[in-house]
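Start at 1 with the first residue, then count along the sequence. Source: prediction; values computed, not measured.
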Amino acid sequence: MSKAFASQADLQEKKVSFTKLSDNAYAYTAEGDPNTGVIVGDDAVMVIDTQATPVMAQDVIRHIRTVTDKPIKYVVLSHYHAVRVLGASGYAPEHIIASRDTYDLIVERGEQDKASEIGRFPRLFQAVESVPPGLTWPTITFSGRMSIWLGKLEVQLIQLGRGHTKGDTVAWLPEQKILFSGDLVEFDATPYAGDAYFRDWPQTLDNIAALKPEKLVPGRGAALTTPEQVAQGLAGTRAFVSDVWASVQAGVAAGKDLNAVYKETFAKLKPKYGHWVIFDHCMPFDVTRCYDEATQYADPRIWTAERDRQMWETLEG
């Protein structure tokens, strides 16, 4: 392979930041690695997205313990991807909460996704042996919307539409106008769209914007701490998704095959987005899914470790 597979060449450790957004909300970020959100209520703590392993979760817990000794009762899964959920056991939460759509995706493709992601991101699965056997299962599921009350603090968990996956969930503090978006929004980081709905994603971003968040924790990248930065994060994500879709649709309309469409789309987008974290990693997966959606697969096909390698060899070999 001419280019190292996925993120296997990505070995550099990232600096962690723990950003205070309010007396209740914090962002655990690491220079484009997957983020974790923290909400401290009157009587308990909620964690949004867990990190990839229980050992990595311990670093989040260490940061939480610098601001509160309240019990970590709730873990929220913004979606089903392994890099987001496999650290859950490290928090020993009372409840793991996800949308019903996320639960269904875990049933349908959790095992394959787990094997696929561990193969793609060796650095992000530190101490992978600490992940208990099996999958991370929600103990509470919901459809559309639910509220969790941390004492008097309301956290709304909302499905605003499909985008990064069909199960995407945001966590929203309505009184403080703070939103935890999961991978629906990225900042200076390339959206991974291998399981995405390109047609739906821009509208879902509009639905986020309609809440008028003043601060936002994206799935990757720095916490956005002003309305202007939030707007920038939404606009950047929307532009990327739309640019991939437009390029792929044009290629499909011209009767080109996936390989030709990939090379064209990569060349078109590289000048604008090539400096974003994991651009080279994401593009083969993103264009493959986009081509699928533009041709014959309304829903994402399951990625397996074997399919990952075959796709990469076809497009990058």
Next on the checklist: Gln232 vs Phe187, test: side chain to side chain contact (heavy atoms under 4.5 Å, CB included). Steps then yes/no.
Outcome noted: CA-CA 8 Å; Gln232 205 182 334; Phe187 188 65; 4.1 Å; yes

Checklist entry - Between Gln296 and Asp292, is a side chain to side chain contact (heavy atoms under 4.5 Å, CB included) present by the stated rule, with each step listed? => result CA-CA 6 Å; Gln296 57 179 326; Asp292 274 3; 5.6 Å; no

Checklist entry - Does the pair Leu216 and Ile208 meet the rule for a side chain to side chain contact (heavy atoms under 4.5 Å, CB included), with working shown? => result CA-CA 10 Å; Leu216 186 149; Ile208 290 176; 4.2 Å; yes

Next on the checklist: Does Arg238 form a salt bridge (Lys or Arg N to Asp or Glu O under 4.0 Å) with Asp206? I'd like the steps, not just the answer.
Outcome noted: CA-CA 9 Å; Arg238 187 188 289 105; Asp206 289 346; 2.6 Å; yes

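The two residues Leu150 and Val155 have their closest heavy-atom pair at CD1-CG2, 4.0 Å. For the pair Trp276 and Gly236, the tightest heavy-atom approach, listed with the atom from each and the gap, is CH2-O, 3.5 Å. Heavy atoms only, all atoms of each residue included: Leu157 and Ala171 are closest at CD2-CB, 3.8 Å. Across every non-hydrogen atom of Glu117 and Val83, the tightest pair is OE1-N, 3.1 Å. Taking every heavy atom of both residues into account, Phe125 and Leu86 meet most closely at CE2-CD1, 3.9 Å. Residues Glu154 and Leu173 come closest through the heavy atom pair O-CD2, 3.6 Å.
Side-chain atoms of Asp200 never come within 3.5 Å of backbone atoms of Gly163 as a donor-acceptor pair (strictly under, hydrogens ignored). Remark: side-chain polar atoms of Thr102 are not paired, donor with acceptor, to backbone N or O of Ala98 under 3.5 angstrom. Under a 3.5 Å cut-off, the side chain of Thr53 and the backbone N or O of Gln126 do form a donor-acceptor pair. Remark: side-chain polar atoms of Ser17 are not paired, donor with acceptor, to backbone N or O of Lys15 under 3.5 angstrom. Remark: the backbone N or O of Ala82 is paired with a side-chain donor or acceptor of Asp113 at under 3.5 angstrom. Judged purely by atom type and a 3.5 angstrom limit, Thr136 has no side-chain atom pairing as donor or acceptor with the backbone of Ala88. Put simply, the side chain of His164 gets close to the backbone of Tyr192: a donor and an acceptor are under 3.5 Å apart. Between the Ser99 side chain and the Gly167 main chain, a donor and an acceptor come within less than 3.5 Å of each other.
Side-chain atoms of Gln51 and Thr36 form a donor-acceptor pair, as typed in the model, at a separation below 3.5 Å. Side-chain contact annotation: Tyr273 with Asp243, donor-acceptor N/O pair under 3.5 Å present. Judged by distance alone, the side chains of Ser22 and Gln176 do bring a donor and an acceptor atom under 3.5 Å apart. Side-chain polar atoms of Gln156 and Arg145 form a donor-acceptor pair below 3.5 angstrom. Counted by atom type alone, Gln203 and Asn207 present one or more donor-acceptor pairs between their side chains at under 3.5 Å. Donor-acceptor pairing under 3.5 Å is recorded for the side chains of Glu316 and Tyr262. At a cut-off of 3.5 Å, with distance as the only test, a side-chain donor of Asp49 or Ser78 sits close to an acceptor on the other residue. A side-chain donor from one of Ser116 and Asp308 sits under 3.5 Å from a side-chain acceptor of the other. Under the 3.5 Å distance criterion, with hydrogens and angles disregarded, no donor-acceptor pair is assigned to the side chains of Gln310 and Thr314. Using a 3.5 Å distance cut-off with no hydrogens or angles, the side chains of His79 and Asp101 do not pair a donor with an acceptor.
Between Arg162 and Asp168 no salt bridge is recorded (no basic side-chain N to carboxylate O distance below 4.0 Å). Salt-bridge annotation for Arg100 and Asp104: present, with a side-chain N of the basic residue lying under 4.0 Å from a carboxylate O of the acidic one. Between Asp299 and Lys166 there is no salt bridge, since no side-chain N of the basic residue sits under 4.0 Å from a carboxylate O of the acidic one.
With values rounded to the nearest 0.5 angstrom, Asp33 atom CG is found 6.5 Å from Met56 atom CE. Remark: Leu21 CG to Leu179 CG distance equals 11.0 Å, nearest 0.5 Å. One finds the CG atom of Leu160 at 7.5 Å from the CG atom of Leu184 (value rounded to the nearest 0.5 Å). The line from CZ of Arg123 to CZ of Arg120 is 15.5 Å long, rounded to the nearest 0.5 Å. Note that OG of Ser242 is 10.5 Å distant from CD of Gln249, once rounded to the nearest 0.5 Å. To the nearest 0.5 Å, the span separating CG on Leu234 from CG on Leu224 amounts to 8.0 Å.
Ring-centre distance between Trp172 and Phe180: not below the 6.0 Å cut-off.
No more than 12 heavy atoms of other residues, nucleotides or ligands sit less than 6.0 Å from atom CG of Asp23. Annotation for Lys256: atom NZ does not count as buried by contact number, only 12 or fewer foreign heavy atoms lying within 6.0 Å. Counting non-hydrogen atoms of other residues, nucleotides and ligands closer than 6.0 Å to OH of Tyr103 gives a total of 12 or fewer. The neighbour count for Glu175 CD, taken as heavy atoms of other residues, nucleotides or ligands under 6.0 Å away, does not exceed 12.
Taking the centre and axis of the six-membered ring of Trp303, the NZ or CZ atom of Arg307 falls inside the cone set by 45° and 6.0 Å. Relative to the ring axis of Tyr197, Arg289 places its NZ or CZ within 45° and under 6.0 Å from the centre. Taking the ring axis of Phe18 as reference, the NZ or CZ atom of Arg62 does not stay both within 45° of it and closer than 6.0 Å to the ring centre.
Val45 and Ile97 end up in different hydrophobic clusters when Ile, Leu, Val, Met, Phe, Trp and Tyr side chains are linked at under 4.5 Å. At a threshold of 4.5 Å between side-chain heavy atoms, the hydrophobic network of Ile, Leu, Val, Met, Phe, Trp and Tyr places Leu315 and Phe198 in one connected group. Under the 4.5 Å side-chain heavy-atom criterion for ILVMFWY residues, no single connected hydrophobic cluster contains both Met46 and Val85. Note on Leu105 and Val76: separate hydrophobic clusters, where clusters join Ile, Leu, Val, Met, Phe, Trp and Tyr whose side-chain heavy atoms are under 4.5 Å apart, directly or indirectly. Residues Met146 and Ile39 share a hydrophobic cluster, clusters being chains of Ile/Leu/Val/Met/Phe/Trp/Tyr side chains in contact below 4.5 Å.
Here the side chains of Glu293 and Trp245 are in contact, with some heavy-atom distance below 4.5 Å.
None of Asp183, Thr165, Asp195 except one satisfies the side chain to side chain donor-acceptor pair (under 3.5 Å) rule with His81; the exception is Asp195. For the side chain to side chain contact (heavy atoms under 4.5 Å, CB included) test with Phe279, the passing option among His281, His275, Met283 is Met283; the others fail.
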